[in-house]
Each structure stands twice: as C-alpha cells, then as structure tokens.
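One structure is given here, and the rest of the page talks about it.
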Amino acid sequence: MKVTDLSGLPDGVPAHLQNQGVEELYPPQAEAVEAGVTEGRNLVASVPTASGKTLVAKLAMLSSIERSRQRGRGGDGNGTALYIVPLRALASEKADEFAELERFGLDIGVATGNYQSDGEWLGDNDVVVATSEKVDSLIRNGATWMQDLDCVVADEVHLVDDAQRGPTLEVTLAKLRQRLPDLQVVALSATVGNAEAVADWLDAALVDSTWRPIDLQTGVHYGNAIHFDDGSQRELAVGSKNQTAAIVEDTLADDGSTLVFVNSRRNAEASARRLASVTGGAIDAEDRERLREVAGRIREVSDTETSEDLAAAVEQGAAFHHAGLASEHRSLVEEAFRDRLIRVISATPTLAAGVNTPSRRVVVRDWQRYDGTAGGMQPLSALEVHQMFGRAGRPGLDPYGEALLLASSHGELEELFDRYIYADPEPVRSKLAAEPALRTHVLATVATGFATTRSALLEFLQETLYASQTDEAGRLESVTDNVLAYLDRNGFLEREDGGLTATRTGHLVSQLYVDPMSAAEIIHGLEDAGAEPSALGLYHLVSRTPDMYRLYLRSGDDETYTEIAYDREDELLGHAPTEFEEGEWEDWLSALKTAKLLEDWADELDEDRITERYGVGPGDIRGKVDTAEWLLHAAERLAAELDVASTTAVREARIRVKHGVSEELLDLVRAENVGRKRARRLYDAGVETRQDLREAPKSTVLGALRGREKTAENVLEGVGHPAPSMDDVERDEAAIPEDDGRDENRAQANLEDF
DNA sequence: TCTAGACATCTATAGACAGCATGTC
DNA sequence: CTATAGATGTCTAGA
C-alpha cells in the first residue's frame, strides 16, 4: 500500500510522509490501515520493536482528529487524542517525535508527574502524551477535557502483565472505554503469546506480525563461535579470553556498536570497565577528543565515584547504564552512543524498556536474575529477552542486526535455543486481582462516582482484561470484598445496603494518588505524633509505606540500625515492632536506613558521602528524595484534613528534604539559581536571607560564589537586586568558602554513628 | 621470611509511576 | 531451594 492511497487524514499528510522518504507502508502498517485504524476502528498491533508502530499511532490520531474537525465543521474541532506511555522519559521522546505534526495545525502537550504543560488547558491540545498513572490521576481529579477524547493509543500495552503498574493501565483503559463508548482504542504491543486475547478484550481488530524492517539474526555464542538460528556459524578471531570481549572486538572490526545486557548494576559497571580496554584501542584522535568532552560533562553532573567511573569508561569509548545513574548521566550516555562515539554500553534492563538506543549487536550476557521472592536466580522471560533482542539493528544505518546469548557449555547452548531462540513469547496475564492493586483502584472507582454500589463496582470490573481471562469466577469478587472491608475499616469509604460512598478522607487519598495503605500508615503515625515530630520520625514514617521503595540492609547494617532504632526510639512514630518479629523488624530497619539517607540529605551532607555511606548511586538519592517529597506532601494534606497539630512540622520536613538543606537555609534556597550548595556558601559568608542578598556588599556575594561573576549576577538578578552587574567588583577574600573542610565537619556528627 | 599467583570463601543482587508549584552546580 | 562476578582472604611453591 502506498502512502498516497491513504485517506481520511488532514490535507498534506501523505505528501509530508513522502517528503520524509516514506512511499510504501510497511506490511504491518498496511494491515492496520486495512483493518480500519484510519476509520476509527479499534486495533491491537502486536509487532516487533522498530517495525513502524509509531506511524500506525500517528495515522490513528491524525484521522480521528480529522473526523472530529469535520464534525465540528468550521470551528476548531475540540477533540483530543491521548497517547499513553509507560515511562516519563518516553513521554518527552514521543512528544518530540509528534512535534512534526504541528505543521498540520496540531498542538502537542505532555502530562507526567514532573512535567505538565498546562493544567486544565491540556484539553486545548490535539495530542496529549501522558503516563498511565497520570491519566489515571487526571480521571480521578475530574479533568473535564477527557470527555472530548476521540482516540487513545496505549503504547507497550503488554505491560498490563506487570504486577505493580499493569493494573493501572488496565483499569484506566477500562474506565475510558466505559465512559466514552465511541472512543477509538489503539493498543501497541510487543509480540506476545496471546495478542488475540487482548484484542478480544478491547473489541479490536488484530495485527499480529513478526515482520521487521531490518534483518535480525539471533544466535548463541559458545566456544569460539556464534551459532545462528539459521544453522550457520561464525568463527571469531582468537584473541580475548572473555566471551563478551571477543564479541565486542569482532563487532568493532566491522565498525559496529554493541549493547551488553547484564543482571546487576555492579556487573554493568565491572563489565564496562573491562570492555573499556577493548574499545580503548579502536578510537581515533578525533573521537577521543569528543569522548573527553562527554566525560567532562559527566563529571560536571556530580562528583560521586559513580560519576568518575563512568567518565573514565567513556573516555575509552565504553559506558555502563543503570537506574543508579543520574538522569543527565543516562541521557549523555544514550546520546553519545547514538552518535557512535561510545562503542559499547553494558546495561541493566533499563535500556531495553526505555528510549531508543539501537545497536548493531546486542549481547544478552546474563539470562538469569536474582529474585529474592523466588529465593534465588530466575530465568528471564522470553518476552524480556526478545525485547532486548529488539534493540539490535538500526534501520537505515546497519545492514542487519544480531542478537546473541552466551553459553558456557553445550547443554546451556541447547537450553538457550529452546528457551529463547525458538520459543514464543509468553502470554500476557492480567495481575489485577491482587489486593494492593485493587485497594487503590477500588477506592478511586468509588470516589470518582464510577460505581456507587457493590454490584456496579463488580460490573465495572467485569470490563477488565482480568475478567475476560479468568476461569475462577469468584476470585475477583472475594478479593474485592476484602478490599472493601479494608477501606471501610480504615475510614476511607462507607458501605450501606450494598451502596458505597467514599468519605472525605477517602476522596483526598484517591486524589493524592497514594496507596490507601500508605495513607493509613501515615494517618496512624500522625495521630501518634505530638505537635513537633522530628524530621527523622517523619522520614521514617513515609519510608515505611508501600509507596516507598526501601534500601536494602547489607551485612552489618542490621546492628548499625538496630542501635540507631534504640537511640532515637522516641522520635519514631507509631507502633514499633519488636526485635523478635523478624520480618517486621527488618522492614522497620530498612525504612530507618532510608530515613537516615533522607536526614543526611536534609542535613546537607555531600552527595558523594551519601552514595558511599548507603551504597547507592546519585540517581537513587534523587529518586528517594522525590518520593519522600511526594509522600510528605500527601502527609501534609492528610494532617490538615485530620486537624492534627503537626502540619507545620511536616511541611518543614518536606521543604528541607526537597532542597536538601537545614532550616536556616530555607529562605535562601527559595531564590532563583540558588540550591543547597550555593545557599550554604552564602550563609557561611554572612548572607543569610534573600533580603541580605540584596543588601550585602557585592564583593561578599561574589566571594561566596567562588568568584563566578556570571553566576553571581544571575543570583542577584533573581532576587531583584537593583544593580546586579558584577563589573569592577573585587571578590571579598574573607567570604571565599574553604572547600571540602567544612563539609567534612558537617558530616562529623553523623559519622559517629558509623 | 617474603611474595606472586592459585585457589577458596564471602558478599550482594533490575526497574521507577504519582502531587504541587516553580527553578540546580 | 536454584547462580555468578568480583572482592577479599588464605594457602602454597619458589626464591
């Protein structure tokens, strides 16, 4: 099918596609059009990565907007298309990709937790890209523009299988469909075992294809050769002993790049270090210079050990990639890899699910992963491995892609072929009937008035994928009843003759988007607290909710934190478990460890000291701080609702953790361009408030900011200084901070604990 | 007695959404 | 209950 054959699209779209070099649709795209995506028909497309799913989505959205415009005749059609993604990083990536549609008069908006273009004005956009949680939250908070949706696209819909976040996507789609009977639903999925079941659930046509625009060869490396799926073999030059190194070397000889997937952060870092010695020799002077530049920018992001290790590897053309990295680190690495500067990345699965980083070769080095709940190593699913494989081959750039597994014995070679090369991906199974998932969604469904009786609630749940998949008729009902009882018991909703009403607190909890169990824990803690709970007490309280991903206890931590638990017993809120209740006690301690990290951050301890002390990466600090801030915001609202005395203390603890400063700096950090470090330097030089900043001698400010004129000007400008110019200002030597020395002192008090 | 290298033992384990109101080094 | 890489500790042979 040619693009010129397309109809029902805004004027100029086929011509625009031709300009981009698209003449002919890919076979799965043509199938989608034949199935009616451009005519408002529901569609499930189960196709491999990079086989043109995005164009299918664009065609669906463009045609639905065009239809809406026709209906609105004359006026600017007020319909909207919603594109749901699983990750925030993907939201901005997709929005950038859709930006080209602006030439057809479409506005693109983004809505995620940390970035929202225009509140209620979101509805003025023609296309909104959002995470599933954000969409759920928008529904809960009654965003009116959702009533005007014409088309919703759910990207990576196979993630409904995910135990934590899958139910959100599932319930969100079910709600949208129930509320808007004419809504067109397009679901894009990786190839899965039961795409037809998903299609049935959504009353959709199905395109189920394994077609790829670029050849993908899969195989297993064993001994000194790669055994491909088509029976062919490739002998590698004898050189490195290490399997991964041998493959990377071989790829380099062909001027290609390699993506190595491993099963832990530590392995990713170690592997990058080793592979750096392989890539280091293959880099010419010009690339080396550019790599040094990238390494420099990496070092600027933070001065932690992780940052330094990464920069050192990057200088050699290698890198690691995992969730402990700051997001700036991640994007620098991804960008340099796409620019073919970095030749090899050792990564945890972050990269498989995330943004677009294709590579000539993909090596799945570790096919098993530690899983504490299963008691040991578990094999990856075929679906996961296939997703990683899908990163192989850059359409239009590489002649082909290769995806490899590594075997260390002949038996393993055969097992890998059976398990991953020849195997079909697993079916998608809904995880909705788990209490944690239903807890939050049942409350939201009642609070938003979607269901006002028990039977209406059950009827709604019948519209989910879970209901269409289960044979156990009573299961959903009994879990729902458990959940209703829990919500009732905690005062979030009331049951009367089968009628369901959310209480005020219940409404608030639903809108705050926290797990009702988190809210219950916070409420108990706050009721137990006096007017002045300590910051540590509050950090501990939010750290032990199910919404906080706690730090692991490592060997020795047990004693350390048990001691702290007793030392600061009276600061901790709520009912403490005893040392003999093993599971609970351990949970209490890991929450305490997390709380200590937050306290250290709010006590202005240096980032690198924190990463060292808690064995985390710079990205982890950011993540914990973010989550804590969010939960403390919820706690603040709950405290106000309950009218307990601690509201002010909660707010202060929240703002301190947000900025990472102690109380005395709170005024300063509110100034533009002033963060925890600059605020501390200014304060120590005697500039203690924003008012001081305007009135203090400019030489003092310049000295405190270590003589950076431009920075000093920006800071003064930010607080409305009448004459921010630093021309002819001499820095005041007395105000210059003595670097490092002071930070060490500040850490002292805490160090004694360790 | 010292040291390099072989060998044994120990240790630790992926990912990341949400509210709200504005701005890091 | 399952594994494995890397760090650290211990042993041994050779000087």
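What you are looking at is a predicted structure, and each value in this text was computed from that prediction instead of being measured. Lettering follows sequence order; numbering is per chain, from 1.
Of the candidates C:dA3, B:dG15, C:dG6, the closest approach to any side-chain atom of A:Y370 belongs to C:dA3. With B:dG19, B:dT13, C:dA5 as the choices, the nucleotide that has an atom nearest any side-chain atom of A:Y552 turns out to be B:dT13. Considering only side-chain atoms of A:M377, the nucleotide from C:dA3, B:dG19, B:dC25 that sits closest is C:dA3. Of the candidate nucleotides B:dC20, B:dA14, C:dG6, B:dA14 has the atom nearest to the side chain of A:E384. Ranking B:dC17, C:dT2, B:dG15 by closeness to the A:D162 side chain, first place goes to B:dG15. In this structure, of B:dA16, C:dG6, B:dA14, it is B:dA16 that holds the atom nearest to the side chain of A:Y549. Closest contact between the side chain of A:Q368 and the listed nucleotides C:dT4, B:dC25, B:dG15 involves C:dT4.
Residue A:D557 contributes atom CG, which lies 8 Å from atom P of B:dA12 at whole-angstrom precision. For the pair A:E415 CD and C:dT2 C1', the computed distance is 12 Å after rounding to whole Å. In this entry the distance linking CG of A:L666 with C1' of B:dT22 reads 16 Å, nearest Å. Spacing between atom CE of A:M548 and atom P of B:dG19 amounts to 16 Å, rounded to whole angstrom units. Here the P atom of nucleotide B:dG15 and the CG atom of A:N267 are 12 Å apart, to the nearest Å. Across the protein-nucleic acid pair, A:R708 atom CZ and B:dC25 atom P stand 12 Å apart, rounded to whole Å. We find that CG of A:D303 is positioned 12 Å from P of B:dC25, with the value rounded to whole Å. The distance between atom CD of A:E133 and atom C1' of B:dG19, rounded to the nearest whole Å, is 13 Å.
Using a 4.0 Å heavy-atom criterion, one finds that A:V674 contacts the sugar-phosphate atoms exclusively. If you check every strand for non-hydrogen atoms under 4.0 Å, A:Y513 touches sugar and phosphate atoms only. Counting non-hydrogen atoms under 4.0 angstrom, A:S132 reaches nothing in the nucleic acid. Note on A:R266: a base of the nucleic acid sits closer than 4.0 angstrom, heavy atoms only. As judged by a 4.0 angstrom heavy-atom cut-off over every strand, A:L87 is placed among residues touching the sugar-phosphate backbone only. Residue contacts for A:Q164: at a heavy-atom cut-off of 4.0 Å it reaches no nucleic acid atom on any strand shown. Within 4.0 Å of A:V85, counting heavy atoms only, lies no atom of the nucleic acid at all. Contacts of A:A130 with the nucleic acid, taken as non-hydrogen atoms under 4.0 Å apart, are absent. Among the protein residues, A:R299 comes within range of no part of the nucleic acid, since none of its heavy atoms lies under 4.0 Å from any strand. Using a 4.0 Å heavy-atom criterion, one finds that A:N263 contacts the sugar-phosphate atoms exclusively.
For the residue pair A:Y513/A:D136, the side-chain donor-acceptor check at 3.5 Å is satisfied. Side-chain contact annotation: A:Y83 with A:D155, donor-acceptor N/O pair under 3.5 Å present. Under 3.5 Å, the side chains of A:S271 and A:S346 contain a donor-acceptor pair of N or O atoms.
Contact annotation: the side chain of A:M146 approaches that of A:L176 to within less than 4.5 Å [non-hydrogen atoms, C-beta and beyond]. No side-chain heavy atom of A:L159 sits under 4.5 Å from any side-chain heavy atom of A:R165. A heavy-atom distance below 4.5 Å is found between the side chains of A:L526 and A:V650.
Sequence order on DNA chain B of the closest nucleotides to A:D620 and A:K677 puts A:D620 first from the 5' end. Two residues, A:W630 and A:V301, neighbour DNA chain B, and the one matched to the more 5' nucleotide by heavy-atom proximity is A:W630.
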Item to complete: Check the pair A:W367, A:R419 against side-chain contact (heavy atoms from CB on, under 4.5 Å), reporting the backbone distance first and the verdict last.
Response: CA-CA 10 Å; A:W367 57 277; A:R419 198 184 267 279; 3.7 Å; yes
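For the salt bridge (Lys or Arg N to Asp or Glu O under 4.0 Å) criterion with A:D600, the lone passing option out of A:R613, A:K624, A:K593 is A:R613.
Contact annotation: A:T350 side-chain N/O to B:dA14 OP1/OP2 distance is not under 4.0 Å. Between A:R265 and the phosphate of B:dG15, there is a side-chain N or O to OP1/OP2 separation shorter than 4.0 Å. At least one side-chain nitrogen or oxygen of A:R88 sits closer than 4.0 Å to the OP1 or OP2 atom of B:dA18. A close approach under 4.0 Å does occur between a side-chain nitrogen or oxygen of A:R637 and OP1 or OP2 of B:dC20. Proximity of A:S137 to the phosphate of B:dG19: a side-chain N or O atom is located under 4.0 Å from OP1 or OP2. Residue A:R622 places none of its side-chain N or O atoms closer than 4.0 Å to OP1 or OP2 of B:dA16. At B:dT22, none of the side-chain N or O atoms of A:K658 fall inside 4.0 Å of OP1 or OP2 (strictly under the cut-off).
Of all nucleotides present, none satisfies the Watson-Crick or G-U wobble test against B:dA21 with each distance under 3.5 Å. For C:dA13, the paired nucleotide is B:dT3, the pair qualifying as Watson-Crick or G-U wobble because both relevant distances are below 3.5 Å. Base pairing analysis places B:dT13 opposite C:dA3; the two distances defining the Watson-Crick or G-U wobble pair are each below 3.5 Å.
Within 3.5 Å, a donor on the side chain of A:R369 pairs with an acceptor on the base of B:dA14, or the reverse.
Here the separation of C:dC1 from B:dC17, taken at their C1' atoms, is 33 Å to the nearest Å.
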